[in-house]
Amino acid sequence: MSARGAGLHRLDRRQRGARPLHAQLYDRIREAVLSGALSPGARLPSARAMALEAGVSRGTVDVAYARLSVEGFLATRGAAGTFVTSPLPIAPRGAPAAAPEPPRVGPHARAALRPFQVGVPAVDVFPVATWSRLLGRHARRARAVDLARSDPCGDGALREAIAAHLAVSRGVVARAEQVMITGGYHGALGLLARALARPGDRAWIEDPGYQRARAALELAGLGLAPVPVDAEGLDVARGAALAPRARFAFVTPSHQMPLGMALSLPRRLALLAWARGAGAWVVEDDYDGEFQRASAPLPALKSLDDGGRVIYAGTFSKSMFPALRLGFLVVPDGAHDALARAADLLHPAPPLAVQRAAADFLGEGHFARHVRRMRALYAERHGALSRALEELASPHLQVERGTGGLHVVTRLTGALDREVVERAGLLGLAPAALSSYQIRAAKGRIEGLLLGFAALPAARARKAVSRLAQAIEQARRRP
């Protein structure tokens, strides 16, 4: 905790008659340390900054800091600053005699550290030093005009870099002004719903499909038409029968989420033909599009769009890291003005320094090198998981064949997938229940597990699979 957070605010000079100001400051810092408000290793403000904050002279701060240092509460490390001693000379009040427990983390952080978590890339090998250098460069170079207002549609340099990247890697040819920067994929969904949806509009969604996107669209007030998928992807004919005048179709054509198949060429052409006839927008979520294991990534659906009906949505959550929260849309001319007006009101783009650092990460070749390394690493981790599943997995777990993405799809017999997930969680694992992605189970509930492997080191695959087999057996024995 910072010194400000510990309550080291301006001293009250009316107390001078009781204790000198340096003694008051000494008391406050010492109490904050002993109470744990300032934890071991916490950095205190410089003497100059503390003097301004507390409303005293720098000499007063120097006296208080010196006394606390002599008593062992603080340690000065030259230009690095002044820090609370670690370990403290005495235990903080109320602290147990034994070593403290590791810091607690929230449920999302805990899940992100567990084997089989879906949607978490290999953040352990991301070039953090390179990213930090680029981010620091633009944080230091901020100009007065940058502090006033940024382009709500996104920084021009990043939009140009994304347009160049998509033309080469995904076959999407677009002008930089057609690219709009958003706060991840869910930020893009919110922008689309606010700008292009009308009261009573319906939208096609895949069934089974990405449940978080489904929840976001329901929150935006869209009526949803679940369209089944089969071996060729979205059943376009069924969608046209269910909701022929739908306003949107949300699809994952390169790697269907969660089942993993690619939308076939006849289905792609049929979807584009329906969108032209219905005046609908097809929102292409390029889920895991960068990571096809069997071949080069499939061209995007957007590359076939000659009628201006496809809005391409992408993020850097998997190709870089999820906490970046950086996404983008490639917008047809017919939707650009409405989206630009909404962006001007909502300002969905991340901070300018983050955008410009991302532009450099793309433009200087760091992104391409990172993706190449990740493809090799993910092939290794997928292979290790596949071997472990073949040798150690439960006979009640059948692995589905797939050619891309960062998770393995399995089918489960003899147990309910949600019960297996519950048991697996108690064993430190975080698979996903396939049935939770289903909307309509009229033709039978799909029981299975999604096993993310991107963040699972090859050396840990066998242990994780052994625990998963144990969870399946526990779920099967449950009455």
Phe367 vs Phe361 aromatic rings, parallel, tilted or perpendicular, using cut-offs 30° and 60°? perpendicular
Under the side-chain contact (heavy atoms from CB on, under 4.5 Å) rule, collect the residues that match up with Glu400, sequence neighbours excluded. Gln398, Val409, Arg411
Which residue pairs satisfy the salt bridge (charged side-chain N to carboxylate O under 4.0 Å, His left out) criterion with at least one member in residues 247-258, sequence neighbours excluded? Asp201-Arg247
His255 and Asp286: side-chain donor and acceptor closer than 3.5 Å? no
So that I can tick it off, tell me whether Glu364 and Arg137 are bridged by a salt bridge, with the cut-off set at under 4.0 angstrom between side-chain N and carboxylate O. yes
Gln256 side chain to Pro208 main-chain N or O, any donor-acceptor pair under 3.5 Å? yes
Tell me yes or no: between the side chains of His366 and Arg369, is some donor less than 3.5 Å from an acceptor? yes
Can you see whether Arg170 engages Ser254 through a side-chain donor-acceptor pair at a distance of less than 3.5 angstrom? yes
Test item: Thr85 side-chain N/O and Phe73 main-chain N/O as donor-acceptor pair under 3.5 Å: yes
Side chains of Thr252 and Asp285: donor-acceptor distance under 3.5 Å anywhere? no
Residue pairs passing the salt bridge (charged side-chain N to carboxylate O under 4.0 Å, His left out) test with at least one member in residues 453-464, sequence neighbours excluded, are Glu391-Arg462
Decide, yes or no, whether a salt bridge links Asp360 with Arg141 under the criterion of side-chain N to carboxylate O below 4.0 Å. no
Might you confirm whether atom CZ of Arg194 has over 12 heavy atoms from other residues, nucleotides or ligands at distances under 6.0 Å? no
Would you say the side-chain atoms of Arg114 pair up with the backbone N or O of Gly425, donor to acceptor, closer than 3.5 Å? yes
Between Tyr185, Phe126, Phe328, which is the residue that forms a ring-ring contact (aromatic ring centres under 6.0 Å, His included) with Phe316? Phe328
